[in-house]
Amino acid sequence: MRIQAESVQGAGVCPDCGTATDRVHSRYQRRISDPAMTGRQVWIQVRVRRFFCPDLDCTRQTFAEQIRGLTVRHSRHSVLARQVLQHIAVAAGGRPGARLAHRLQVTVGRMTLIRLIRRLPIPEVGAPRFVGVDDFALRRGRIYGTVLVDLETHQPIDVLADREAATLTAWLQQHPGVEIICRDRAGSYAEGARTGAPQAIQIADRWHLWHNLVEAVEKVVIRHRHCLPEPAQPEQPTAEPATPASLQAERAETASTTRVRERYAAVQDLVIDKGVARTVAARLLNLNPDTVARYAKASTVEELLTARHRVSKLDPFTAYLDTRWNDGCTDAVRLTQEIRKQGFQGTDRTVRRYLEPLRAAGNPTAKKPTAPKVRHVVSWITRHPDDVTTANRQTLNSIRERCPHLHAAVTHVQRFATILCNLRGAELPQWLAEVEADDLPDLHTYTAGIRRDLDAVTNGLTQPWNSGQVEGTVTKIKAIKRSMFGRANFDLLRRRILLAD
């Protein structure tokens, strides 16, 4: 859609000296892109004027008029379209923003969007009173930056290029009046806050306190992992180990087995008891004469059933399978993998058929329960009791009965969780003393770290402030980084963080 228009302003104003004039120098056509209308791309063809500047002292001799609310100097987009593109650029970045703008019927290049971001003014910081500080990875494991968030407005107020104490100190000195600083337990932030804003109250974030405690508990469980498995029970006298051969008589009758038994009885009745010739018996029973001769020579039907067993490639490994079955291993796939290492070339279907009579006879000797994994025990200890299943709670209780050290660790963790969730920071010194009185060196390391930052930790367990908003901002920063497609230099990243809604 193309719209032709012409300016009706009476005069133009020089952008340098501000002098109004109606002396026209010339006229020219200017094409402006506007937001789409009813799904169609809109171009406005404007006939604008160029004026002479009447001020002889002005460095500008001529200037082009700008139509208020429509045109911007050196821009091919209208004011409204420019605002839309600025929002797209901040939200999506360069290349993704260009694709989104194309869907909205606005033609723009990715570099144009990046230039729009760089030209936007950075919001004023003002005088924040409650500040949250945390680091984020510019290049994971190598380069880190710092984000500062106003805990009252929930908005990022600045981004620093590193996480050094001197950088944070300089920023706090430039922005006096900070009353509360929420941070993690990093020593650089503690030193920077103490030097840059000595009057501020430092608050150690509760999430980091709990996370560090979980790491300490994991070390305690690893140290006492020998207490995790159930104690061995005295062995009970067992019967003779079962094998498929011993269970052959108990095998369920199949159609072929029943047929062999019926034919054997018929042949024995005609040939042996009544003296009928084999050829006549074969014709009466509709059998091959050789089959009748074989059935007549057999002394028992079991002889025929045993002779039907064919030589199998599994035969060299049956003794090993019988032993493993009675040891408690009943998984056909796992047993197949084990005997393949010994030279077996068949499939797990062969092994499964061999194990059928054993399964029909009943389960093997009860297998000893395996010890719970360390990470599972740590999860049971550090999780809310209502979120632990009854079976896991019983397992944890049995572990506590066997190991007094783990019993003490669980007691201390539950007590600290009560202090943390109910903001009972006044009880922290007593908790530290109780932990240090027990023989738990891994928890002693944790308490030693708390004592080095005792004031901030106590404030974190007393004050309602926390770094949750800062962690949320760090999550948004990760999304912004991933949407920049390699153009995540610090200057552009900082602008997108601070300008994001």
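Sequence positions, counted from 1, serve as the residue numbers for this chain. Computed from a predicted structure; not experimentally measured.
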Spacing of [X] atom [atom1] and [Y] atom [atom2] [to the nearest 0.5 Å]:
X	Y	atom1	atom2	result
Leu213	Tyr446	CG	OH	4.5 Å
Arg263	Arg294	CZ	CZ	9.5 Å
Leu396	Leu228	CG	CG	10.0 Å
Leu116	Leu85	CG	CG	6.5 Å
Ile450	Leu428	CD1	CG	6.0 Å
Cys182	Arg206	SG	CZ	8.5 Å

Verdict with supporting geometry, Val159 and Phe136, side chain to side chain contact (heavy atoms under 4.5 Å, CB included): CA-CA 10 Å; Val159 180; Phe136 66 94; 3.7 Å; yes

Look at the side chain of [X] and the backbone N and O of [Y], then say whether any donor-acceptor pair between them is shorter than 3.5 Å.
X	Y	answer
Lys481	Ala137	yes
Arg324	Cys329	no
Arg163	Ile143	no
Thr112	Val108	no
Asp438	Leu440	no
Arg223	Val220	no
Thr318	Leu314	no
Asp387	Arg383	no
Thr169	Gly192	yes
Asn422	Arg424	no

Intermediate values then yes/no, side chain to side chain contact (heavy atoms under 4.5 Å, CB included), Glu434 and Gln430: CA-CA 6 Å; Glu434 293 174 356; Gln430 181 182 358; 3.3 Å; yes

Short N-O contact, [X] and [Y], less than 4.0 angstrom:
X	Y	value
Arg375	Glu218	no
Asp442	Lys219	no
Arg185	Asp453	no
Arg352	Asp348	yes

Between [X] and [Y], a side-chain donor and acceptor under 3.5 Å:
X	Y	result
Asp322	Tyr354	yes
His444	Glu436	no
Asn459	Thr462	no
Ser188	Glu164	no
Asp162	Thr167	yes
Trp207	Asn466	no

So with a 6.0 Å cut-off around [atom1] of [X], is the heavy-atom count from everything else above 12?
X	atom1	answer
His102	NE2	no
Asp386	CG	yes
His407	NE2	no
Gln345	CD	no

Would you please classify the geometry between the [Y] ring and the [X] ring as parallel, tilted or perpendicular, with 30° and 60° separating the classes?
X	Y	result
His224	His226	tilted
Tyr264	Tyr295	tilted
Phe416	Trp210	parallel

Pair Asn392-Thr395, side-chain hydrogen bond (donor to acceptor under 3.5 Å, both in side chains): steps then yes or no: CA-CA 5 Å; Asn392 293 339; Thr395 304; 5.1 Å; no

Arg183 charged N/C atom sitting above Tyr189 aromatic ring, 6.0 Å / 45°: no

When you compare the side chain of [Y] with that of [X], does any pair of heavy atoms fall below 4.5 Å?
X	Y	value
Trp431	His412	yes
Ile88	Leu104	yes
Val131	Asp150	no
Leu335	Leu355	yes
Leu209	Leu461	yes

Steps toward side-chain hydrogen bond (donor to acceptor under 3.5 Å, both in side chains) verdict (Glu338, Tyr320): CA-CA 10 Å; Glu338 293 179 2; Tyr320 177 81; 2.8 Å; yes

From CA spacing to verdict: side chain to side chain contact (heavy atoms under 4.5 Å, CB included), Val221, Leu406: CA-CA 7 Å; Val221 176; Leu406 291 179; 4.1 Å; yes

Residue pair Arg261, Thr258: steps toward the side-chain hydrogen bond (donor to acceptor under 3.5 Å, both in side chains) verdict: CA-CA 5 Å; Arg261 293 184 185 277; Thr258 303; over 6 Å; no

Derivation and outcome, side chain to side chain contact (heavy atoms under 4.5 Å, CB included), residues Thr146 and Asp134: CA-CA 6 Å; Thr146 300; Asp134 201 0; over 6 Å; no

